[in-house]
Structures are given as C-alpha cells and as structure tokens.
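Here the structure is laid out as structure tokens; the discussion comes afterwards.
Order of the sequence lines fixes the chain letters, A, B, ..., with proteins taken first and strands second; residue numbering starts at 1 for each chain.
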Amino acid sequence: MEFGWTPEQEDYRRRVRQALDELLPEDWDEVYVPQSYASDLQVDFSREFCAGLAERGLLVPHWPREFGGSDSPDWNHFILGEEMKAAGEPRGAQYMNVNWIGPTLMRYGTEAQKERHVKGIAGGKVIWCQGFSEPNAGTDLAALRTRAELDGDHYVVNGSKIWTSYARRADWCFLLTRTGPGKKDITILLVPMDTPGISVTSYPGVIKFGHLNEVYFTDVRVPVENRVGAEGQAWEIVSHALAFERVGVPRYHTGLDALDRVVERLKAEGRWDDDPVVRARAGRLVAQFESARMLTYLVVDQRVKRAPPSTDSNLARVIALAAVNEMMDFIAEYAPEALTGGDLLLEDYYRINIPAGITGGTNEIQMDLVAQRGLGLPRG
Amino acid sequence: MEFGWTPEQEDYRRRVRQALDELLPEDWDEVYVPQSYASDLQVDFSREFCAGLAERGLLVPHWPREFGGSDSPDWNHFILGEEMKAAGEPRGAQYMNVNWIGPTLMRYGTEAQKERHVKGIAGGKVIWCQGFSEPNAGTDLAALRTRAELDGDHYVVNGSKIWTSYARRADWCFLLTRTGPGKKDITILLVPMDTPGISVTSYPGVIKFGHLNEVYFTDVRVPVENRVGAEGQAWEIVSHALAFERVGVPRYHTGLDALDRVVERLKAEGRWDDDPVVRARAGRLVAQFESARMLTYLVVDQRVKRAPPSTDSNLARVIALAAVNEMMDFIAEYAPEALTGGDLLLEDYYRINIPAGITGGTNEIQMDLVAQRGLGLPRG
Amino acid sequence: MLEELQRLEPFRAEVRGWLAANLPSDWRRRMLGASEADHVAFQEWWFGKLMAAGYGAPHWPAEWGGSGFSFAQQIVLYEEIARAGAPRLIHYFVALHHVPGTLLHWGTHAQRERHLPAVLSGKEIWCQGFSEPNAGSDLASLRTRAVRDGDHYVVNGQKTWSSNAHHAQFCLLLARTDPAASKSRGISYFILDMKTPGITLRPIKQMTGASHFNEIFLDDVRIPAENLVGPENEGWKVAQSTLSSERGLSILELAERMKQGFALLLADARVPGPDGVPYDDAETRRRLVDIHVRIEALRVLVNNQLGAVLRGEALGVAPSIVKLYYSDLLRDFTRLGASIRGIESQHLEDVLMGGPNETGYWMQDYLYSWAWTISGGSSEIQRNIIAERGLGLPREPAAA
Amino acid sequence: MLEELQRLEPFRAEVRGWLAANLPSDWRRRMLGASEADHVAFQEWWFGKLMAAGYGAPHWPAEWGGSGFSFAQQIVLYEEIARAGAPRLIHYFVALHHVPGTLLHWGTHAQRERHLPAVLSGKEIWCQGFSEPNAGSDLASLRTRAVRDGDHYVVNGQKTWSSNAHHAQFCLLLARTDPAASKSRGISYFILDMKTPGITLRPIKQMTGASHFNEIFLDDVRIPAENLVGPENEGWKVAQSTLSSERGLSILELAERMKQGFALLLADARVPGPDGVPYDDAETRRRLVDIHVRIEALRVLVNNQLGAVLRGEALGVAPSIVKLYYSDLLRDFTRLGASIRGIESQHLEDVLMGGPNETGYWMQDYLYSWAWTISGGSSEIQRNIIAERGLGLPREPAAA
C-alpha cells in the first residue's frame, strides 16, 4: 500500500494546470461554466480549447503513438481527467471523443475511418454527438427503432433520437441503427450532421441550462463505408466502448467544490459556527466524497496493473452517487436560494446531477451488480 | 498510488493466520465467539491465546525491541490487527494491553512499573480493565468524581466506575481518579483488582451476551508508587494513549462477514435471486464497507509516513459507522429471526454494534470534527 | 363520532372513577421484572376485577356473559384504560377478541358452550397458530398439514411468533387440508388443545432477554374432528372473521399509550444526557417534532377508523393502513428514545410485564419493536394488502 | 363533522352541477404554458364566474359582498372545487383570505371601504411582504425599517418569496418601526400601494423556468400614515390575524388535490418506463404504499382541524402540524414521481398556470416543492412553532 503521488505525477499535474491557465479565458468561471457544458458557447469554445491541448500533447496523451498519442501512463491520464473535471470540464463535448469514440474507431474502424476520424479527434476541432437513446426505448438497445436500410452503396436512415447532447453543433453523429428484426441487429453508422434529411429540435430541459436535443432522420443517405464494423456488430462495439467509461467521471471534485460553496454561504449568513447539525451533515458529505475518491483511485490502480475486471468500479459509482444525492438535498435544504438564480454554479451542479441523484435508476442497477458479483469473493 | 500488498506483507499475513490456526480451539467459532469478547470464557482463554502469540513473536511485534517487541513496520501491525479482528478478536481483553496500556507505560511509567507491567503485558497472561466512565459523567473527564486522597504513602480511593468490561476477571485496573477540585486534577493509578475494598457487580446489558460491570471502590488503599506520571497528569497521558486508537477497529471485516451470513440465509430461503431490492441494499453495504477499508488503509499509510494528523481517521470512522448502522437495519429487516436466538453470531454482531450504530452520539461528533477541520483544506 | 362520545361523558367519569379506585398504584413496581407465574396470576386477578365491574368483556353479547356495550362505550372504556396506564390484558387478547369473533360466527353450539364461558372465567388463555417460518409476506402460503384419519385430523408442521403460547390452554390453528388446492383454498381452521401429545414449544428469545413469543412444533398431533371450525377447506374465510374481530380498539389503546410514551420521552429529552449535554439541540428538536406530528396523525387515523365502525361503514384497507402506520412509527419513536438516552440505553432493565410498548427503557423498547412488527402480521403483509386491495396494484411477483 | 356535511348533500350536488356546467373543459390545455397576461385574464374571468354564482367569496360576510356561507358549506365548496380539478385562484389568495381576515379585525372603516369591494370586483390582486432574506426560521427578526416622517412612513429594506407580487396592486407589509424593541415588538403593519416610487421587483427564477415569486426591494418608499393597519408597533399581533385567517380550507383543497395527484402517479406507475421495465417492482410498490398511507393521514389530519373549527375549538398548533405534514409529503411524493418516471422527468414541460402542486410533470413538481416549502412559512418555522408552543421545548438557541 502506498498512497501519494510520485514526483513525476506531481509534475504532470502541474503541466496540466499550466495548460488550463493558458487556455481558459479570464471569464471562464463567471460566464462559460454557468452556461453548462452542453451549451453552444462551451461546445464552440471546445474547438479552440482542445486544439490548444492537442498542441501541448495533452489532448490524447493516453493514445498509442501511432495515432498521435504518447502512450502516457494510466495514472497520468487519470490526473488529466481530474484536473479537467475540477476546472469544469472545458473539453466539453470532446471528452467523449478522446475517451471512447477515438479508441473505438482505432479498434473497429476501417483504415479510412481511422485516417479521417481518429486524426480528426486528435486535432481537437471536431464535435461528435451520440445517437443512442430513443423515445420509449431509453438505453435498451434491443428496443431501438431507428432503421437503416441498404439501398445500393448507401444506407437510408429513418427514425429519431433523444437526449442528443451537442447535436446542435456537432459535425458527426455516432449513430446506432436497426438493420434487421432481431434483438442484436444493431449497426453503427458514422453520419455527417449536415447530411440532408437530418433536423435537430431543441427542447428546454431541467437538467441543465440550455436544451435537450432531439434529432430526426428522414431518408438520410449514409455511404456504406461509414459503417463501423459489420452489420449487427454494434452490441460488441458498444460494450467495448463503454468499458472505457468504467471509472466514470470523478464526481468528488465538483461535489466538494459545491460543498465549499454552500459552506461559504452559510458562514456569510452566520449559520455555520453555531449549528452543529449543519456541520455534521457537511462532515458526512466530506467523508462520502473522500470515500468515492479512494475507491476511484483503487479502480485506476487495478487498471494500471491490468487486473481482471472487478466490481470495484461499480462500488466507486455507488458511493459517489449516494454522495451526490445527499449533496443535492443539502443544497436544497440549506441554500435553496442558490437554486433560484442566487448562485449559478450551484444551480448548475444541481441540474446536472438530477439524473444521477434523483431519478437514480442507474444507481439501483449498479448496486445490484455489486451484490451479484461482489459478495462471496475472497477478501483480505 | 500503489494499492496492493508486498510479498513480505503477504508472508506476514500468512504467518498470523497460521498462528491463529494453531492457537484457536476447534469450537472457537461455535462456542467461544457467540459468548462475546467480554465473556468470562473469552477473557480467560485470552491468557492462553496471548501467551501463545507472545511465544511466536506476534503479541507485541510493533513494540520496541527493548520491551520485547521487534519494531515491526506499521503495516504489519495493521495486518495483524485485521486478521485478529477477522477471527473474532481472540486477544479479547488484551487488545487494550498491547495497543495502548503497554505503550503508555513505556512512556510515562516508572522503571519499576515498566519492569513489572510492560513485561507482564508482553507475556500475554495479564488482564487489565479500564476505569474511566462513571455514572452521570460518561466520558467527560472533567466530571469524574471517584476521589483519591493521599494518606501517607498510599492513596485512598472512593467512588465507582461503570461500563468496566473485563472487571470480573481483571488482575489490574488502569484507574482515573480525582485528586483535587480543578477540572484537570485527574490522576492515574494502577490498582490490583484484589485490593480490599473493591467490589464488582454485574448487570445484564443489551450490547452483548453477558454483563456490564460496575466497580465500587470503598477506602481502597493504593501505594503511591502505583501512580502513573504526576498528580494531574492524566489528561495529557490519556490524550496520548488515545492517539494510539486513532484508526479504530477495522469494522469492515465483521460487517462484511455479517452481510455474507445474512445473504446466505436469504439464499437458503429463496429470497435472494428474485429480489433486486434486497440485492441493491446488499450492494450498497458492500460499497460502504469497502469505502471504510480504503479510508482506513489511507490512514495507516499516513501513519507509516509520519504525516501530521489529519481528519482522515475521522472520515474513516464516519463512513464505517454509517455502514454499521445500515447493516444493523438490514439484519433487522431481512433476517429478524437472527436476532431472536436464530443466529448467535449475527445477534452478537448486532448487540456489539448497538452503541455505535443506534445511539450514534460519537458519530455526530466525528462528523462535526470533519466539517470543522476538513473543509477548505487544499485538495488534489 | 364526537357527539356520540360527548353523550357518554357520565360513563367516562364512571370508568375513570372505577379505575382510580381499583387500579393498584404499585402495579408497575410489582410487575417490573416479575416472574412469569406472578404475571399470569396478576393478569388473571386484574381480568377478574374488570369482569366483576362489567368492564372485562365490553364487546361480548350479554347472552354469553359480556356487557353488550355499544361501540362508542367501548371506545370510551379503552381510552380510559389506556390513559390510566392500566396493565394491558395481553394474556387474554386472543381469547377475548379472536375466540368470540370466530366462534360466534362459525363455531358449533358445542364449541361455544365449551369455550366462551371458560374464557370469561379467566381460566382459559388462548394463542394463535397462524404464522409460519419462511412464509414471507403471504399467510396463505402456509405449509402445516392436517390429514383426516377417522374422527381425527393428524397435524404436522411448525408455527412461529405465537404470542404467549407457553401460557395457553388452547390455540386457534390454521392447517392445510388440501395440498392440491391453490394458496388460500384448502386450508382448515381448528381448535387445538395445547395439552395434546406431539406439541413442542420453543421460546423465541428476544434480545431484551424476554420471550413473549414461541415457535410451536406439531408432530403427529391428533385433533378431534369436532374441533374443526367452519367447513373443511374453508379455513381461510374463517380466519378473516378472526382477523376482523378486533375493530380498531386495540390500536386505539396503543395509540393512546403512545401519546403517554411520548410525554415520557419529552421529559427524558429535558434531562441532561450522560455526557452532560442538554438534549435540546436543533436536530433532536426536529426529530421530536416529527415524531410528535406522526403521533397526532396516528391518533386521527385511528379516530377515523373508529368513526367508520360507528357509522357501520366498510373499513376496506383502513385497518392495514393504521397498523402499518403504527408499526413504522413505534420503531422510529423508540429508536429516537434510544438515541437521546445514548450510552445509558445499553443497560438492560427488567421488563415491565403487561406494560405498554413504550416503557421508557428506550433501547429495550426499540429492540422489542422489531418483534412487534414481525409477530402481528408483518408490515410487509400490510403493505401488500394495501397495494393490492387499496391501490389495485398487481399481485407481488411470486418470487419476491 | 360528518353529520353536518351529510346535511349539506343537496348543496354539494348544486355546487357539483354548477362546476360541471361552468368549468371550461379545456382550461388545462389553455393554461398549459400560457403567458402571464393570459393567465391574469383567465384568473379574473374565473373569479368573476365564481362571484356571479355566489361561490367566489363564500367566507366573506354578506355585508361586504360575500356569500356568508357556514363553515361546513365552505368545506363542501372547497372539496368540490378541488375534486373538479378547477383552477386554483392563486392570484386572489392573499386578497380573499388575508385582506379581510386582517382588515375586518384591525382595519379602519376607510381601509375596508377602499379595499374590500375592490377585491371582490376582481380588479385588485394583493401580495404579502412578510418574509425577508436570511431571516432564517424566525419571522420576528425582520429588518425592513419604517421611519415616521410627517404624515408618511419611509420604508427601506428587502422582502422575498412574495408570491405573485408582479401582478399585485397592493401588498400587506411588515416593517420595523422601533428598532430598540425586542424581536416581535416594534413591528408595524402597512398597506403598501405597489405603484409607490422606490419599489423594485426581482423575479425569483425557479429551476423550472417559472417565476411565481419575487424579491421586493424597498428604497425610501413613502407610505401614507393612514395606511397603517392597527396601532403602531403592534404589527406582530395584526399579522397573527392575517396568518390565522385561513382556517384550514386551502390545506383541505391541497390535500384533496393531492389525492388526485396520487391517482395520476398510480396510473403513471403502471406504464412501462423508458427502459421498458414495468414499475411494479417491490421497492416501488413499497414506496407507493407509504406515500398513500401518508396522504390518508394528511386527509384525516385536515378533517380533524376542520372539525375543530366547526366546533369552535382553539386550534393550537394544529395548523402548523398539518402544514408541515403536507410540505414534507409533497416533497417525498413528487420525488417518488420523478424517480418512477426516470429519465423522462428531465424533459422540461410547459407550466400549467393555476394548476395543482402535482401536475404529473413530476420532476418539475419536485423542484417546485422546494420553493413551496420556503415561501409559505418554511418547515423550519412550523417545526419551531410546534416545538415551542406544542411541546413546550425551550426556544431555539439564538444562533441556530
């Protein structure tokens, strides 16, 4: 057991922080962050920001050298992620690109796709959106209804997608389509968002400032060479892609930041020093977020060591989500004004976490996973 | 960051396990453990068991060599503690001796006290009890009322102590007495339990099978040379002693064991496989106990590195206590028969944890500490 | 409801006067940690006193020796008994409520003649043999078998959480007579003499050291066919009479006693705790208020149910709602007590035999609250009744 | 209470018939996402309809243009309005309840003549200026100052969570006139014309995008001395009249609407969710039942309070208990809704203007439930009232 960072890791963290200092505009915290990561403003800015990261070798350092990366150690990759998240994730939409779209195409893409898209992503100027969810299907692939029918050397796509973040500004869509009647007849197409027949409609949403997008496909013609893998290979590819997301976002940074903000408010109002109840609740929150941090570190360590998959990543998410849930209640109880225009950063934190914190379906599933696989394992 | 044990540490763990195999009677789990660690049976057995550990160099390995130890590394000491706890803590009453009574006397005791008691403790055959709590004073030293008055070369002690575990079988009492009217006029005496004027009364308690002891002192004469440190030095000495307890007992082992037991019961009753709710709750418990484990490791690591004290040890306790609390509810809801004679081990787990889990006052205080000191610290 | 009760003020005064004159002021002292035998004797003595005054069987028809009180009178009587802090007649609960509720509707004349007068004499204690281990949330899935053999039924199986079975002379027993029939069919209802060979009792030892409950093991127990209550295989219907015989009065008594228990806790909360800290901090205040609010809600829920009975309305799932509300509240309430008293709660005190569910030994009360939840038709059962009959949700998946 | 209501069955039928004939069946469609102007017009139109039918001011004395209905009649009327799912008269709430409740007791004749008929004409919307930012749990610690200057008072300060202030012509304002007096003394009560110079409104933008509430900034606002209500420095007493003017009818309406909201949620729970999973799993059932039980308890708590009003009894802390119970329940209920609908809840729907607190857009309802808790006398205030006046606990430490 050895907790703590090596001097090299500390250096790396400093390098990332310096890049952030250089690349972020002065009004980043005040103007950009409250607009939320999916806002047009932030999505547009990410083209500039990620290009700057790319120049510094900090956009895809974890990628293999042949694709423009530097094979940087997993811990460095993690440190990079921590710092980005702590800064409000200025990579915005492109977080997806570098974390799983690029790596997925490296493995399953054609040479042409690699040449075009992997390189494109490494340049930091391309926006992707993710065409997964559909009305009445949610995240259940088997229930997808957006069809792609072969017509000569094109697929013709009809259907619609919901919850499509970044769609208003995206250049490309990583699209799941149905190419047959069977449960697994799902196929991935890479679709330019300027193809005729695509329309994007935005609705207001509670989960963030800005909009939820729905994307409609009407006789959209996609060249066959834009297919990733074979027909029906989407399940395998998506499972593989999601494995890159195992750790998930380190939620403890934003959580602890939000907590600090609430505590500052309470102190300013004179409600902190003499109220042991509020301090006890804040203390429990610190404990929960720190737990999530430690478990996340453990998961990264396992990945570094190429250990077989365990439920520890689920554990980390369960703990983090419970902490987020309590944090939301804490804000609503002790700083409700923050949610009504009084503090845009806290309000943004609350909104973004609504899916995780309140609806919590994912959370239940994670816990079930832990119980199914995690109990009865040898310990100690 | 480096999670995992070194080969030397793994070896050490094997050595401890082997000692346990050799020293524990075959019916340890069935007969001894359900009687609880404070039962006469276990207290008596500890004289045999700890002597066996002492022979193998496993009773006080973390002590300096001059006192019979082997200056073993902190991680080894922690591993030893984990294994003992996992086995049901067969050191029983003597856990206190080796963890803080011995080290305290090394530092504050006279040469004669060291010669007699530190050596005695290292031999593994002496039982101590702790005379701290009093009726209507609880753990508040300032409110102590048991008086010690100097009469020639003796102190004359009058008063009573409650919650005095092991008192029925103890050879010595580590006694806090009042030697003056001031808040800090508290003095430590080492009192042979067979001194005339001492009587022990046992009452049934809910927290374990067996009894709660009260100890009454009526004109008990204690030689002045049995005083530890100076008059009024008890606050300093006790604070120092308690620092040894910072990590606390690793509660995750027994918690996960209890969880396994409940899950086994549920499986046997056919209530596990088809009930996602119970699995989700079990999963959350695993996550909580594993968090506590990771935070405990972090604290040990800080101690190994001689880092300045932080609130991390409090964090670890907060998380562990929350897990214990949920675990108790889980037992009561899903295996209530276990609490009514149906499963002595689960019932014992529940009873022992009542003070931590249900009354929880300590927990609140811990959380307040975390909030007071832990917020606003630099992170990352 | 209120007007009817107001008309009964003279009756209330009479009951109150009688209790003041006849309830031994030292009964708590005598029953604190009393032996089982002393408690049995005391219950019998107190029941005799109540019977002599006409208060022992208020709801029984006069022809069977009861007082034939109106329901409103019964409400007043139970309220006053609870407010006086009189002992609970726990040994006679099944005999006084379930036995007449069942036999007057389903029993043969011989069964009534045999048992009803004996109950009122105070010599016959009854218990209930409904619950079984691992039956989960569904009483209808019981597995104890009764096989006809000439003029007897031979019973094998196991019952659990039977209150006071170790004192009982008789038991109201449910057993399956047709194993092929679906769940709630094929069950029959028996009167079981507890002296019959083949019965073994195992006390369920609660964490507080008390054992109010028993497991009952039935090993080739022979029950005469004349002890069948109602038609063979119709026991499920008969059991509905048993379970609905108690129309809200005992929950009234419990709710009333809980109000007094809360006063006790409030007094406790004003006393500095073992660490010298006064327990009026913001969090404790908040918890106390929330419990208080729920006790008020319980009281009006109970009144609502009693009002419906008075008006002769169908109760629907109201009794389940009230019972569930009470159980959850009892647990949270006693847990708060244990938390307020802190370390002191670890001391195990003598059990107050026949006392309320809130004795003021909060840790014991809390630990007992779990047994209470399981024994009297668990909260899971109540929730399922409400979900299926009240909300019209589909039946719970068989496996869960 | 029930008998009195039973006698009113003909009246109930009449109200029900009128609502069936006059409530526009498409009002929800029209008010879903309606503009503020359309909503103001609609509220005025509907209030006019109710007034014409004699249902607009049921509790007002006939001499001031009301219907002079008995309290039992008012109960029936409010029940029927809620059951019909009619729009809530939210713009007129303060004007219809607080204004007469205050002015009929404390107002001058001139104040009554000026305002009471205007309210019933539907042209005068009122708001309340009681709450202040950072006042925490204690209304009496308000800091807005009013200084006498000739025949005017000059007011400076800030009010918050004022409902519909942007539509209001007048405001019921509390301000401190004697800063040396202890907390609840030295406060005076004013009628504030919202057109007075120096008033600035800032809408409080809720997360749902709606802004029902405002902050009111008062900057050298001059109020004529004749607009003082009651004696100077006695405003705290006057405010008690305001707050007790609403004797349980609006919580009756809310509880009745909540029952309908629950039916909506039950229907929702039967629909497969976005992941194709039916939501009748054990945990959801359990949560649904627990909410159902609490709604039943709320309903009887409300009835209990109404009964006490009918009998002319002192209410004590009952209104605080009911309000606290409702607020906690509304939050847990709408949260369950959001959790059952899962990812769908993230879609922000148009706001139903004048709708109930349970619109079926559960996430929005949940987010709104927080605003509801803060605006109408927070749950902390209610808890403190119950703790101090109901349980006799010492006052909360000043600091907390």
Side-chain angles (χ1 to χ4, degrees), chain C residues 1-4 6 137 262-263 266 269-270 278-294 296-305 307-308 310-311 313 317-318 320-322 324-325 328 379-380 382-388 390-397 399-400, chain D residues 1-4 6 137 262-263 266 269-270 278-305 307-308 310-311 317-318 320-322 324-325 328 379-380 382-388 390-397 399-400:
Chain C
M1 175 170 139
L2 202 86
E3 284 165 35
E4 256 172 293
Q6 274 165 351
S137 57
F262 187 71
L266 262 189
R270 292 161 188 279
Y279 278 81
D280 60 347
D281 68 283
E283 182 66 10
T284 304
R285 282 164 67 92
R286 186 186 172 127
R287 290 184 190 159
L288 281 169
V289 168
D290 286 346
I291 293 292
H292 172 63
V293 165
R294 288 166 67 189
E296 291 298 308
L298 171 70
R299 234 6 221 97
V300 293
L301 275 172
V302 169
N303 276 347
N304 197 46
Q305 181 185 337
L310 270 175
R311 294 189 301 274
E313 295 169 6
V317 297
S320 290
I321 287 180
V322 177
L324 179 62
Y325 203 92
D328 285 352
S379 291
E380 270 326 288
Q382 308 298 350
R383 278 204 184 82
N384 275 326
I385 291 173
I386 297 167
E388 287 162 25
L391 302 182
L393 292 177
R395 283 189 68 80
E396 196 178 21
Chain D
M1 175 169 142
L2 201 86
E3 284 166 34
E4 255 171 293
Q6 275 167 350
S137 57
F262 187 72
L266 262 190
R270 292 162 188 279
Y279 278 81
D280 59 347
D281 68 281
E283 182 65 9
T284 304
R285 282 164 67 93
R286 185 184 174 131
R287 290 185 190 159
L288 282 170
V289 167
D290 287 346
I291 293 292
H292 173 63
V293 165
R294 288 167 67 189
I295 292 175
E296 291 296 310
L298 171 71
R299 240 356 229 100
V300 293
L301 275 172
V302 169
N303 276 347
N304 197 47
Q305 182 185 337
L310 269 175
R311 294 189 300 274
V317 297
S320 290
I321 287 180
V322 176
L324 180 62
Y325 204 92
D328 286 352
S379 292
E380 270 326 289
Q382 309 299 349
R383 279 204 184 82
N384 275 326
I385 291 172
I386 297 168
E388 287 162 26
L391 302 182
L393 292 177
R395 284 188 68 79
E396 196 179 20

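Rounding to the nearest 0.5 Å places CZ of D/R294 at 8.0 Å from CZ of C/R294. Taken to the nearest 0.5 Å, the CG atom of D/D290 stands 8.0 Å off from the CD1 atom of C/I386. Remark: D/E296 CD to C/L324 CG distance equals 12.0 Å, nearest 0.5 Å.
Smallest separation of non-hydrogen atoms from C/R383 and D/V289: O-CG2, 3.6 Å.
Qualifying side chain to side chain contact (heavy atoms under 4.5 Å, CB included) partners for C/A297, counting only residues two or more places apart in sequence or in other chains: C/Y325, D/A297, D/L301, D/Y325.
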> Under the side chain to side chain contact (heavy atoms under 4.5 Å, CB included) criterion, do D/L391 and C/L266 qualify, and how do the steps go?
Replying inline: CA-CA 8 Å; D/L391 302 182; C/L266 262 189; 4.0 Å; yes

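Per-residue heavy-atom pair counts under 4.5 Å with chain C were compared for D/V300, D/V322, D/V293, and the maximum is reached by D/V300. Highest contact tally toward chain C, considering only D/A318, D/S320, D/G390, D/A387, is held by D/A387 [criterion: heavy-atom pairs under 4.5 Å].
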